[in-house]
Amino acid sequence: MDNAVRELRREKNWTQEELARKVLVSRQTIISLEQGRYDPSIQLAFRLSRIFGKTIEEIFFYREEED
């Protein structure tokens with residue numbers, strides 16, 4: 001799943017650590033999200049949605065996997 005977390009975080013001028021604190025996760029989780037190595041829980045997706053003022057669909061982009 002692709003996402004716009006890095007871009008949205010940078011628009012707010014937040015560090016990865018600041019965003020992690022705001023959404024109650026570790027900095028490593030934010031790094032993994034931004035690199036596309038981690039898909040968030042629904043709770044984390046909602047927290048990010050609220051903090052950025054965007055819908056989940058505006059932050060995360062699902063792409064069907066090819067067989």
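Since we're looking at a predicted model, the values are computed, not measured.
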Check your understanding: Between the main-chain N or O of A45 and the side-chain N or O of S49, is there a donor-acceptor pair closer than 3.5 Å?
Key -> no
Check your understanding: So, S32 versus T29: side-chain donor-acceptor pair below 3.5 Å or not?
Key -> no
Study note, to complete from the structure: Sequence neighbours excluded, the answer for salt bridge (Lys or Arg N to Asp or Glu O under 4.0 Å) partners of E17 is R21
Review point. Any side-chain heavy-atom pair from Q35 and R6 closer than 4.5 angstrom?
Key: yes
Revision key, fill the gap. Residues joined to F60 in its hydrophobic cluster, side chain to side chain under 4.5 Å directly or through other members, sorted by chain and number, are M1, V5, L8, W14, L19, V23, V25, I30, L33, Y38, I42, L44, F46, L48, I51, F52, I56, I59
**Study point:** Close side-chain approach of E34 and R9, heavy atoms under 4.5 Å
**Key:** yes
Practice item. Please report the shortest heavy-atom distance between E18 and N13, naming the atom on each side. Key: OE1-O, 3.8 Å
Check your understanding: If you group Ile, Leu, Val, Met, Phe, Trp and Tyr whenever their side-chain heavy atoms sit less than 4.5 Å apart, what else falls in with I31?
Key -> none
Practice item. Find the distance between CD (Q16) and CZ (R10) and round it off to the nearest 0.5 Å. Key: 8.0 Å
